[in-house]
**Q** 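Okay, here's the structure, questions in a sec.
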Amino acid sequence: MKKVHVVFHDGGGGHRNAAVALQTVISQQQRDWQIELIQFQYLTDHLDVLRKLTGIRIQRQYNILLQNGWTLGSTQLLRVLQTTIRIFHRPLVNLLEKFWREKPADLLISVIPHFNRQICESWTKVYPGRPFVTIITDLADFPPRFWIEPIKDQYVIAGTEKAADQARAMGHDDAHIFRTSGMILRPDFYVEDTSDPVALRREMGLREDLPTAIVLFGGHGSKVMYDITERLDAAGLPLQLILICGRNNELVGKLRACEWNMLVHIIGFTKEVHKLMRAADFLIGKPGPGSIAEAMVRKLPVLIECNAWTLPQERYNAEWVKEKRVGIVLKSFKDVADGVKRMLNPATLAEFRKNVSAQENRAVFEIPEILAQLLAESHSDTAPTMSTPVEAKAH
């Protein structure tokens, strides 16, 4: 049985979702692989400088920023984080080397940014010849030192041609770049759904005949959802909302405490997003790669925002939406009512639906085939055996 490690963290929901999606589909395919998910933050806790200062893990601080919309200046914060990682490069590599020796595997996968240089360097020192793979869970990289590193041992799985081009620009040859048809998503988004959208709306207390938007801002929600609801409620549009607030219980309470003129269905954290999307006509949300990819698979146009507050790694996503003509990009959700009016124009909505239908993302089923190829190559006669990690050298 082959052993495969998948490194993830909980900064945002997309990294864990990618790891779980991969583990799930490999189990469903009954491959002879043992998949272990490794929470990177727990592994490196004692090097977490921000946790020592504040008592809160980096990933939790990141999610607090998202929930409250405190993202202006995030590019500068990002570069500070990357500088800190470089300062702690050697201790981090040493820590990871020790872990890999104690937890051997045939293949290592990262679904997180920022730390791929340290992960790759430590892995290849202990197990030279065994593949290290980075699955990019954004539509594109945000160089330098975000997803793709200028290190020859890194394999890159890219969901867009833009990301593949960035890997080439970083010096990777075609043998180390694998292009999939999109972002990795949980397999349940692909399960055939024959449920009746009208019946779903009735179950949620919504009208059968009104256009319906699903409002989604990731697994931790965002307070901007309240502002969006308030603006749309005041506009008096022929519209109803499905509001998915994630783990943001404060937002759930605030939304439920109001008496809205429009019909709304308010939900906290759920694993049924793929089913709820069946009842919607389009999505309103942040330009996150996961939300956009989920909407494409469930055949929903998107209404998103892109401005100085948008996370830098997500700004290309807005360009992608405009390029593919699968939705509307606003400069600010202050204009959300105007955006919805445009979306509800029959000709506009029909064009968006046609373009969305042309998107065919099967990445979650393509990636195991890529990994199988790498595992086969790494177990050729020249590859090291599982039982012989390279001995530690004095540092």
Side-chain angles (χ1 to χ4, degrees), residues 12-13 60 63-72 197-288 290-291 294-295 298 300-307 309-311 327-344 349:
R60 175 60 181 147
N63 293 329
I64 290 171
L65 294 178
L66 294 184
Q67 286 177 359
N68 291 281
W70 299 334
T71 51
L72 185 64
V198 171
L200 288 173
R201 291 180 184 181
R202 280 201 301 261
E203 289 173 15
M204 290 185 276
L206 302 176
R207 279 176 50 178
E208 302 172 7
D209 58 335
L210 271 185
T212 306
I214 189 165
V215 185
L216 180 62
F217 278 75
H220 296 274
S222 171
K223 69 177 186 179
V224 75
M225 292 175 63
Y226 184 89
D227 299 332
I228 287 171
T229 307
E230 200 170 43
R231 292 179 187 281
L232 292 175
D233 191 61
L237 297 171
L239 182 73
Q240 55 195 359
L241 301 179
I242 302 169
L243 297 152
I244 302 181
C245 304
R247 294 181 173 87
N248 197 331
N249 294 328
E250 181 181 349
L251 177 62
V252 171
K254 187 176 180 181
L255 285 165
R256 287 179 176 167
C258 290
E259 292 188 12
W260 303 103
N261 295 313
M262 68 190 309
L263 290 173
V264 299
H265 182 68
I266 303 160
I267 305 171
F269 179 76
T270 176
K271 294 184 178 180
E272 303 296 314
V273 172
H274 58 293
K275 294 182 180 179
L276 295 169
M277 283 184 169
R278 176 79 172 166
D281 296 294
F282 63 97
L283 177 141
I284 300 174
K286 75 185 187 78
S291 297
E294 289 168 1
R298 303 306 286 176
L300 298 180
V302 297
L303 177 62
I304 61 174
E305 175 191 66
C306 186
N307 53 39
W309 280 264
T310 302
L311 294 172
I328 294 169
V329 179
L330 301 173
K331 288 186 177 180
S332 170
F333 276 126
K334 291 179 181 178
D335 301 320
V336 67
D338 289 337
V340 168
K341 287 177 186 176
R342 289 168 53 198
M343 181 69 78
L344 294 180
L349 189 57

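These values consider heavy atoms only, across backbone and side chains, with no hydrogens, waters or symmetry-generated copies. Along the sequence shown, the residues carry numbers beginning at 1.
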**Q** Assess the residue pair M225 and C245 against the criterion (side-chain contact (heavy atoms from CB on, under 4.5 Å)); give the C-alpha distance rounded to whole Å, side-chain angles, the decisive distance to 0.1 Å, and a yes or no.
**A** CA-CA 8 Å; M225 292 175 63; C245 304; 4.1 Å; yes

**Q** Only counting residues at least two apart or in another chain, list the ones meeting side chain to side chain contact (heavy atoms under 4.5 Å, CB included) with E305.
**A**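 E305 satisfies side chain to side chain contact (heavy atoms under 4.5 Å, CB included) with N307, S332, F333 only.
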
**Q** Mind checking side chain to side chain contact (heavy atoms under 4.5 Å, CB included) for A337 and listing every partner two or more places apart, or none if nothing turns up?
**A**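 Only L232, A235, L237 meet the side chain to side chain contact (heavy atoms under 4.5 Å, CB included) criterion with A337.
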
**Q** Grab the two heavy atoms, one from F269 and one from G219, that are nearest each other, plus how far apart they are.
**A**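 Reported closest heavy-atom pair: CD1-O, 4.4 Å.
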
**Q** Between atom CD1 of I284 and atom CG of L216, what is the distance when rounded to the nearest 0.5 Å?
**A**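 Here the interatomic distance stands at 11.0 Å.
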
**Q** Please round to the nearest 0.5 Å and tell me the distance separating atom CG of L283 and atom CG of L300.
**A**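 If we round to the nearest 0.5 Å, L283:CG and L300:CG are 6.5 Å apart.
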
**Q** Under the side-chain contact (heavy atoms from CB on, under 4.5 Å) criterion, do N249 and L251 qualify, and how do the steps go?
**A** CA-CA 5 Å; N249 294 328; L251 177 62; over 6 Å; no

**Q** Find out whether L239 and T212 are in side-chain contact, i.e. whether some heavy atom of one side chain is under 4.5 Å from a heavy atom of the other.
**A**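 SC-SC contact between L239 and T212 ruled out.
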
**Q** Would you mind reporting whether P211 and Q240 have side-chain heavy atoms less than 4.5 Å apart?
**A**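 No - every pair of side-chain heavy atoms lies 4.5 Å or more apart.
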
**Q** Taking salt bridge (charged side-chain N to carboxylate O under 4.0 Å, His left out) as the definition, give me every residue that meets it alongside R298, ordered by chain and number, with sequence neighbours left out.
**A**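 Listed in chain order: D193.
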
**Q** Quick check on side chain to side chain contact (heavy atoms under 4.5 Å, CB included): which of L243, V273, L276 does I267 satisfy it with?
**A**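 The passing option is L276.
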
**Q** List the residues meeting ring-ring contact (aromatic ring centres under 6.0 Å, His included) with H265, not counting sequence neighbours, and say none if there are none.
**A**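 With neighbours one apart ignored, the set is empty.
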
**Q** Could you tell me if the side chain of L206 sits less than 4.5 Å from the side chain of I242, heavy atoms only?
**A**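 Result yes, sub-4.5 Å side-chain heavy-atom pair found.
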
**Q** Show the nearest heavy-atom pair for residues G268 and V252, with the distance to one decimal.
**A**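 G268 and V252 have their closest heavy atoms at CA-CG2, 3.9 Å.
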
**Q** Within the supplied structure, the quantity of interest is the number of heavy atoms (other residues, nucleotides, ligands) at a distance under 6.0 Å from E230 CD; does it exceed 12?
**A**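 Result for CD/E230: enclosed.
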
**Q** Applying side-chain contact (heavy atoms from CB on, under 4.5 Å), run through K223 and N248 and close with a yes or a no.
**A** CA-CA 9 Å; K223 69 177 186 179; N248 197 331; 5.7 Å; no

**Q** Quick one: ring pair (Phe, Tyr, Trp, His ring centres under 6.0 Å) pairs with a partner in residues 231-259, sequence neighbours left out?
**A**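 Non-adjacent pairs meeting ring pair (Phe, Tyr, Trp, His ring centres under 6.0 Å): zero.
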
**Q** Pairs in or reaching into residues 252-268: which pass salt bridge (Lys or Arg N to Asp or Glu O under 4.0 Å), with residues at least two apart or in two chains?
**A**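 Output for this query is empty, none listed.
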
**Q** Any pair with a residue in residues 232-246 that passes salt bridge (Lys or Arg N to Asp or Glu O under 4.0 Å), sequence neighbours left out, goes on the list, sorted by first then second residue, please.
**A**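 Those involving residues 232-246 do not exist here.
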
**Q** Listed by chain and number, what are the side chain to side chain contact (heavy atoms under 4.5 Å, CB included) partners of A199, not counting sequence neighbours?
**A**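 Partners of A199 under the side chain to side chain contact (heavy atoms under 4.5 Å, CB included) test: D196, R202.
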
**Q** At their closest point, which heavy atom of V329 faces which heavy atom of C306, and how far apart are they?
**A**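 Nearest pair, atom of V329 first, then C306: CG1-CB, 3.9 Å.
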
**Q** Show every side chain to side chain donor-acceptor pair (under 3.5 Å) that has at least one partner inside residues 273-284, sequence neighbours left out.
**A**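 Every side chain to side chain donor-acceptor pair (under 3.5 Å) pair that includes a residue of residues 273-284, provided the two are not neighbours, is R201-D281, E272-K275, D281-R353.
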
**Q** Could you work out, with ring-ring contact (aromatic ring centres under 6.0 Å, His included) as the rule, every residue matching Y226, not counting sequence neighbours?
**A**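 W260.
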
**Q** side-chain contact (heavy atoms from CB on, under 4.5 Å), that's the test. Do I304 and I328 meet it? Break it down for me.
**A** CA-CA 6 Å; I304 61 174; I328 294 169; over 6 Å; no

**Q** Are P301 and M343 close enough that some pair of their side-chain heavy atoms sits under 4.5 Å apart?
**A**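 Result yes, sub-4.5 Å side-chain heavy-atom pair found.
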
**Q** For the residue pair A279 and M204, what are the closest heavy atoms and their distance?
**A**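 Smallest heavy-atom distance, with atoms named: CB-CE, 3.6 Å.
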
**Q** To the nearest 0.5 Å, what is the distance between CZ on R231 and CD1 on I228?
**A**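 These two atoms lie 9.5 Å from each other.
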
**Q** Taking only residues two or more places apart in sequence or in another chain, which ones pass ring-ring contact (aromatic ring centres under 6.0 Å, His included) with F282?
**A**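 Applying ring-ring contact (aromatic ring centres under 6.0 Å, His included) to F282 gives none.
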
**Q** Residues in side chain to side chain donor-acceptor pair (under 3.5 Å) with R207, at least two apart?
**A**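 Result, side chain to side chain donor-acceptor pair (under 3.5 Å) vs R207: D209.
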
